[in-house]
Every structure is written in structure tokens, then in C-alpha cells.
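Below you'll find the structure, written out as C-alpha cells, and then a few comments.
Being a predicted model, the structure only gives us computed values, none of them experimental.
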Amino acid sequence: MKETEEPKKTFPKRFYLKWPWNVVVYIVLAVVLRVFAIPLILLIMWWNKKQQPDGPEEGCCLRRTRGRLTGLIPATLLMAGGALCLYFFYLGQTLPGEVERLDDQMRVVYRLCPILGAGMILIGIFLAYRSLRDALYPEKSALAQSIRDQLPYPDEAPPVKELFAMVDRDLKENGAWFGKLGVGREWVLGDVVSRIPRIRGVFSRVERQTHHAGKRTTVTYIYELWIVDDCQRRQVTSLKSKQELEEAMDCLRRRAPAALFGAYDSKEYQDLVCVKEDMQQYTQERAYRKRAAQVEEQNRKEQEGLAQNQVLTLPDGSVTSRITPEDLRQLLLRPSRTGEAAPFQLVPGVPFQGEGHTFSRLACLPGGGQEPVRILLEEYSGAPGAPGRYAWTRDVSTGEAETVLRNWLRGEVPSLDGWTRMERTGRTWRPLDGGNSETTPVPPQPHPDWPWSLNIGGGLRSNPAWQDIESALRELTQEENSFLILEQGEPGNPEHYWFIQCAMARRGPDRGRYFVEIGASSRAHRLWERMVPDVQAAVEFFFTAYQQRSVDGSGFRETEF
């Protein structure tokens, strides 16, 4: 039995600098040693990474708040300038004769020095406080507050980790990035966060500003995206180029089609942000609701017309011809909620043509957690009802998979660049043209005639009944010697065998879940493993094998042991 419940590698707990003390140490070293601090800072960063190789990955929101530490730079410059102004005024008080020699303009500046100095110091202190607050206390940051403001009941908002997780999860699964602006299906992350259902207007600001200083002329371009929500709150995000701004606008037109779009100084913008009377705001909201209803009805009719000639086979085996993009999206997100990757497929009434091929079926295996989504396009065999001999497969992100599925509903075949061509071998597939054999797991299948034996924690039984196997599976624990192996061997030739085994994970984030593994003598030193969330999922795999039927290999990962 392979010790799959043990972590592959353990790391002793050692000292390393945690946030924010690592940043404090970097700043102190930079101030004291200046450029000579770079090798030492790199060494500390390497040591920290080595001591926490499995440390949690920070999300976009947390990185954005910690990045606010860069605000200490202008804060320091302002406080230093304010201190110089006060020092200049102090020198004038101690040397009144020198003040009398100043011309009228410099004398005015000298008299304003206390006000300017105090103002610059106060502004610097405010900027430093805001930067440190956002970086060290994310729950008090402007970013976290902007998320709370978007919720129906801000006072009942969850902790900051859950707030950030909502946005991070959406951007990870559906995000499109334009510079530092991230656009998901529900959230838009810029300098602050906006919720797409609450967006009422999106406006672009493109300006060319010219500054003259003596004989020098400086030209500055401003590219800003302004988002206005239903409470007239404005999110302003600066972008680097006009192309980024235009691409972000196009993306938001698709994600928030009922909102108003235009230029920053347009009449639509003024009408939206300058509303003061309740009746005007009510009229605008009603107009938005009407546009949203029209867009929704148009999309529904289009999708019904496009999907009515296709059949969706759900993970439980049921079929339906009423298919919407939201149904497919929920199927893609199902593993993140249930912990189990369940395949589904779309079969058109008339095969689709594209990329020089004809396709009769799309099969999809959603990924769970960090796993990608696997899509398989089966080529038409030439005869209705007959399985195709060839197929194309590729692992993609959840966002890319959703795009492929939406296009498939419209009868569009994706570009096959980067896809692997497969050939059918029985009920499984193998890659062609020198493809990687690990592209699609093809675990060996049980033999239809070989007898069974059962190994429960080292105790062997011959010809076990199904009730004994199921009972033993449900009695598995997290103890070291708690495992189960259902094995069959060729009579008279013990070197030929096939097995399926199961144990519970005892450590790590998957503790309490079940490892299901398949192996055979024909694939020595290879295992096909899959983690399932509960014992019932493991029971279904074992029952299929016990009935000597083909085990669905989708979701299994090939490994060595």
C-alpha cells in the first residue's frame, strides 16, 4: 500500500521574518547600508522562502493593501519639506538682519513658511498613517471598506479574510486584467473595489496636459477609468495606456451591458453624478432596470435559440435541452463547493464544423481548487450514434473553459492551437503524434474474469462479498494501518494483477478526505490517484470496479511510486 496519506516532504519549523517585520528590516537595512544592503536583503528573502515553502499564497486584495506602503515615500518627502520650511523660518527668527535683506517675494515666502511647513507635515503624517493603516491593518483599509459598502448589509459584513476571498476567488476564476485593473464576473478591482451588479456608469478620461517651465514644455497624458455605482460612489483607476483603457471599457461593456458608457466629461456622466433630487435618482434607477431587463430578455432568447438543438448530460446522468450559460458556469464552479470534480457533456443535434474537422461532442471535467479544467472535443465518426475515433483535448483555466462552452453553445469551435489529438482505445483515449501520455489519465481497467481478493489493513480475504467491501470502506479511519485494497489476479499467474485501493489523508489541508488509487502489473511503478471528499464517492468507484465495469478515469492523476 502506497503511503499516500503522508506528505511528500516535511519542513522543520525555523525562524524567519514574518510580515510586516520583514519589510521593517528591509527599510532599516536600506537606510543604514544603502546600496550595500541589496545582497543582504536578497539573502533574507531567500531564507524566508526556504523556511516556509508551503506558505499560503496571498490574494490580489491583500497584495494591493500591502502595496500601499509605497505611500510612505511621498509622505516622507512632504514631512522633510515641511521640516525645511520650519527650519528656514527658525533661522530667520535667530538672524533678523538677514530677513531684512530679503526681497519682497522672499519675505512673503518667509512669512508663509510656518503655515506651509505645518501643512506639509500634517499632510505627510496623514499619508503615512493611511499607508501604514492599509498595509498593517487590512480590515481598516479603504479597499476593505469599499467591499463592505457594496454588500446589502455593510454592518453585517464578514471578516476581512472572507471579504478579500470573495473578490480574489472571482478574479481567479473569471478575471481579465488590464494593467492593475482586474475585472471579474461580479467584482472590479482597481484602487478600490466595485460590484458589477451595482455599476450604473463607466466613463473613460483621456486628457493631454501641457506644462511650460521656462523654455521646457512637458506633456502628460492621463488615462483614467471612472466607475459610478447606484449610490453615486466613484471609483477612479489610473491606467498606463489608451489601449488598456479601451480594452477595459470593452470588457465592462460585456460584463455590465445595462450601465451607461461614455466619456468623463459627457452629458451622461454629469446627469449620473450630479443628481440631487430623489425623483431624478428614481427615474435613473428605473431606466437602468428597464435596460437590464431588455438585455436579460435578449440574452435569454438568443441562448434558447442557440442551445435548443443541444443536449446537456449532467454529472448524475440526467439530460436536458434547456441550457443557459449560467447553468454551465455553475457546473464549472461545482468542484469549489462540493470538492468533487464531476464531468458533463454537450452533444449537438447536428455536428459542428470548424478548424478543418467535424465535432459531435464536447466533454468537460471541471477542476477542483488549483486543478485546471479539462475539455475534450470528440470528432464525428460519420455515423449517427457511433463513437468517434479521434478527439482533441486541452487543460484550460475556468475562465477560458467558460468562454469555450459559451462559444460551443453558439456553434463555434475553439482554435485547436495547443490542443492534443487523441485516439480512442476501448473506452479511454491515448495521445497521438508523440503527445504526452500524461495529458489525459488512462488508468488500466479491471479484468472481466479474474477473481477478487480483499486486503483490509493487512488481513486478506478471498472472494469477498460487496457488503464486506462497502462496510470496510465506511470503517476506514486516519490511523496508520487503516487502508483497503481490492485486488484481482490472473489464475495461475500471480504476476498479472489489477487493484484499486483507498485510505484517508491523515495530515495537511486534505485531512479527512479519501485517496482512491488504481494500479496494475502492466503499468509497473505507476499509480492513478484521485482525492474524493467523502466515503460515498469512494464507494461508487469500488462498486463499479467490483462489477468489473470500466472505471471512469477522468479526474485521476498519474504518479510514480
Side-chain angles (χ1 to χ4, degrees), residues 7 11 13 16-24 45 48-49 51-72 129-177 180-198 227 229 233 235 237 329-330 332-340 366-371 397-399 505 507-513 531 533:
F11 299 87
K13 293 183 178 180
Y16 62 91
L17 292 173
K18 298 182 180 180
W19 170 267
W21 303 113
N22 57 338
V23 177
V24 174
M45 293 173 67
N48 281 355
K49 185 176 181 180
Q51 301 311 312
Q52 46 176 347
D54 296 325
E57 182 182 357
E58 294 180 356
C60 300
C61 293
L62 189 56
R63 287 199 300 269
R64 190 65 57 88
T65 58
R66 291 184 174 177
R68 293 298 298 272
L69 279 177
T70 55
L72 292 176
Y129 163 76
R130 191 174 63 177
S131 300
L132 292 173
R133 180 202 63 188
D134 288 2
L136 303 180
Y137 302 97
E139 64 275 7
K140 299 180 180 180
S141 65
L143 189 66
Q145 186 57 44
S146 68
I147 302 176
R148 294 189 190 98
D149 292 339
Q150 305 293 317
L151 300 179
Y153 303 100
D155 295 337
E156 301 177 6
V160 66
K161 288 185 178 180
E162 297 181 26
L163 289 176
F164 286 175
M166 291 190 300
V167 180
D168 292 336
R169 186 164 51 247
D170 181 39
L171 292 175
K172 181 179 180 181
E173 296 174 352
N174 312 296
W177 289 91
K180 65 178 182 179
L181 181 75
V183 182
R185 288 288 177 189
E186 187 177 1
W187 301 94
V188 179
L189 174 63
D191 293 332
V192 292
V193 173
S194 296
R195 191 162 179 251
I196 290 180
R198 301 189 66 167
I227 296 177
D229 66 8
R233 288 184 295 259
Q235 171 188 332
T237 302
R329 181 170 182 268
Q330 293 303 320
L332 288 174
L333 299 179
R334 179 178 176 178
S336 62
R337 297 191 297 265
T338 65
E340 181 181 2
Q370 302 292 332
E371 296 296 325
S397 65
T398 302
R507 294 187 177 91
D510 297 318
R511 180 179 180 182
R513 302 177 72 183
M531 180 174 290

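Annotation: side chain of L163 is in contact with side chain of P158 (closest heavy-atom distance under 4.5 Å). No side-chain heavy atom of W187 sits under 4.5 Å from any side-chain heavy atom of C61. Looking at heavy atoms from C-beta onward, L72 lies in side-chain contact with L132 at the 4.5 angstrom threshold. Contact annotation: the side chain of R64 never approaches that of V167 to less than 4.5 Å [non-hydrogen atoms, C-beta and beyond].
Partners of R133 according to the side chain to side chain donor-acceptor pair (under 3.5 Å) rule, which considers only residues two or more places apart in sequence or in another chain, do not exist here. Looking at residues two or more places apart in sequence or on another chain, you find a side-chain contact (heavy atoms from CB on, under 4.5 Å) between R511 and Q478.
When every heavy atom of W177 is checked against every heavy atom of C60, the shortest pair comes out as CZ2-SG, 3.7 Å. Residues P138 and A144 share a closest heavy-atom pair of O-CB, 3.3 Å. The minimum heavy-atom distance linking S131 with G71 is given by the pair OG-CA, 3.3 Å. What you find for R198 and Q150 is that their closest heavy atoms are NH1-O, 2.9 Å.
In this structure, the side chain of R233 engages the main chain of D149 through a donor-acceptor pair within 3.5 Å.
If you take CZ on R185 and CG on L171, they are separated by 12.5 Å, rounding to the nearest 0.5 Å. The CE atom of M166 lies 15.0 Å from the NZ atom of K161; values are rounded to the nearest 0.5 Å.
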Which atom pairs, one a donor and one an acceptor, fall under 3.5 Å between side chains of residues 190-197 and the rest of the protein, sequence neighbours left out?
from	atom 1	to	atom 2	distance (Å)
D191	OD1	K180	NZ	3.1
S194	OG	Q235	OE1	2.4
R195	NE	E186	OE2	2.9
R195	NH2	E186	OE2	3.0

(request) Output, in order, the C-alpha distance, side-chain angles, deciding distance and verdict of side chain to side chain contact (heavy atoms under 4.5 Å, CB included) for L143 and L189. (result) CA-CA 9 Å; L143 189 66; L189 174 63; 3.7 Å; yes

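The only option from T65, V160, L62 that meets the side-chain contact (heavy atoms from CB on, under 4.5 Å) definition with S141 turns out to be T65.
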